[in-house]
There are 2 protein chains.
Amino acid sequence: MTEPRWLDEREQRAWRSLMKMQDGLSEFLERHLRNRCGLSGADYQVLAHLSEAPEGRLRSFELGRLLHWEKSRLSQHLGRMQNRGLVSRERCLADQRGAVVAITPRGSDLIKIAAPQHVADVRDVLIDHLTATEMAMLVTIGDKVAERLAALEHEH
Amino acid sequence: MTEPRWLDEREQRAWRSLMKMQDGLSEFLERHLRNRCGLSGADYQVLAHLSEAPEGRLRSFELGRLLHWEKSRLSQHLGRMQNRGLVSRERCLADQRGAVVAITPRGSDLIKIAAPQHVADVRDVLIDHLTATEMAMLVTIGDKVAERLAALEHEH
DNA sequence: ACCGTCTGGTTGACATGGGAACCAAGTGCC
DNA sequence: GGCACTTGGTTCCCATGTCAACCAGACGGT
């Protein structure tokens, strides 16, 4: 194997900066969600997707696809959220195997309170400090990564 | 409370792009580390820090500060890594409370194999596709976020 | 109708992460 | 010296995530 191409100073800074931002953002946002609403990031995402779905209901596997979650993870998490009264589950009429997940009034109230605060937080630590150019750049970079990941996925 | 300022189209795209990149990158990098070397991302970071430290040894709390880990997490994780023979722990001579963590030959061998592959992966999915401008932008954005988080931390 | 296969979901075992209680060793102050 | 307070670590308990095994209902070919 040839000598590996280590990251130079500039590359190193970019990579570390991204990692640190990742950690900082998720730590901050999760902590605030938890403290103010008793919701984890995972809870929030589930409720967000459900509340945007027609009638606040989704097939389990649809939800899983949207979140990119393992099916076991989804099942376990929905079980816990059901115990807390945030969602309910019924058997699907069309497909007797399937389950339909619905947001409960309690879950709906919670997400209505959580969402604006969450968005405010996102603005406060990130979006409101970025220029139009910087936002565009984020999209560009994200697209490049997504494209590369998809390519690697494809070639096995 | 006034009407919340939701994210507009452009802001939304930037935010989602960043989140998706976060998920995609960490999933990819963790999977490869795990498959090729049997290391989790957490293992890797511990070994990386230790291998860069003088004599491959660090005070436990130093390591914790570098990683921004809860002390209980660090303790538990080091225990598991010790069981796998990747690190060793001794009482600190200078401070009888403290522990000194040292990388073992086995841990050292592993990180020497893992590091170049990991760097190659980072290049492959991110760094090698970025322009100098984009890398600089990442640093700028990261600094802004860090600064804002520090400010919030400070004002309680 | 029957059988092999696929699909949607659940379950159990286990690895990991966070928080509080706890313990032992330093430190500061009298 | 003695005593309160801090610091470094471990432990316990619980929430969360992954993986593999399992189960029941659909589906396709015969």
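Per chain, numbering begins at 1; letters A, B, ... match sequence-line order.
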Next on the checklist: Output the rounded distance in Å from CZ (B/Arg91) to P (D/dG8).
Outcome noted: 14 Å

Item to check | Whole-Å distance separating the CZ atom of A/Arg34 from the P atom of D/dC14 | outcome: 16 Å

Checklist entry - Can you tell me if B/Gln12 and B/Arg16 form a side-chain donor-acceptor pair at under 3.5 Å? => result yes

Next on the checklist: Side chains of B/Thr140 and B/Asp143 only: does a donor on one sit below 3.5 Å from an acceptor on the other?
Outcome noted: no

Checklist outcome for this item: At a 4.0 Å cut-off to heavy atoms of chain B, the contacted part of DNA chain C spans C/dT16 to C/dG26

Checklist entry - Excluding sequence neighbours, so at least two apart, what forms ring-ring contact (aromatic ring centres under 6.0 Å, His included) with A/His77? => result A/Trp69

Are there any protein N/O atoms within less than 3.5 Å of an N/O atom in nucleotides 26-29 of chain D, and if so, which ones and at what distance?
{"unit_1": "D/dA26", "atom_1": "OP1", "unit_2": "A/Gln96", "atom_2": "N", "d": "3.0"}

Item to check | Full working for side chain to side chain contact (heavy atoms under 4.5 Å, CB included) between B/Leu66 and B/Leu58 | outcome: CA-CA 10 Å; B/Leu66 292 171; B/Leu58 277 175; 4.0 Å; yes

Checklist entry - Using 4.0 Å as the upper bound for N to carboxylate O, is an ion pair formed by B/Asp8 and B/Arg13? => result no

Item to check | Pairing of B/Arg65 and B/Glu62 as salt bridge, 4.0 angstrom limit | outcome: yes

Checklist entry - Between residues 76-89 of chain B and DNA chain D, which residues have a heavy-atom gap below 4.0 Å? => result B/Gln76, B/Arg89

Item to check | Residues touching DNA chain D, which here means a heavy atom under 4.0 Å, drawn from residues 52-74 of chain A | outcome: A/Glu70, A/Ser72, A/Arg73

[X] side chain to [Y] main-chain N or O, any donor-acceptor pair under 3.5 Å?
X	Y	result
A/His129	B/Val145	no
A/Ser108	A/Thr104	no
A/Asn83	A/Arg80	no
A/Asp43	A/Ser40	yes
B/Ser75	B/Lys71	no

Checklist entry - Do you know the tightest heavy-atom contact between B/Cys92 and B/Arg59? => result SG-NH1, 3.4 Å

Item to check | Partner set under side chain to side chain contact (heavy atoms under 4.5 Å, CB included) for A/Ala136, not counting sequence neighbours | outcome: none

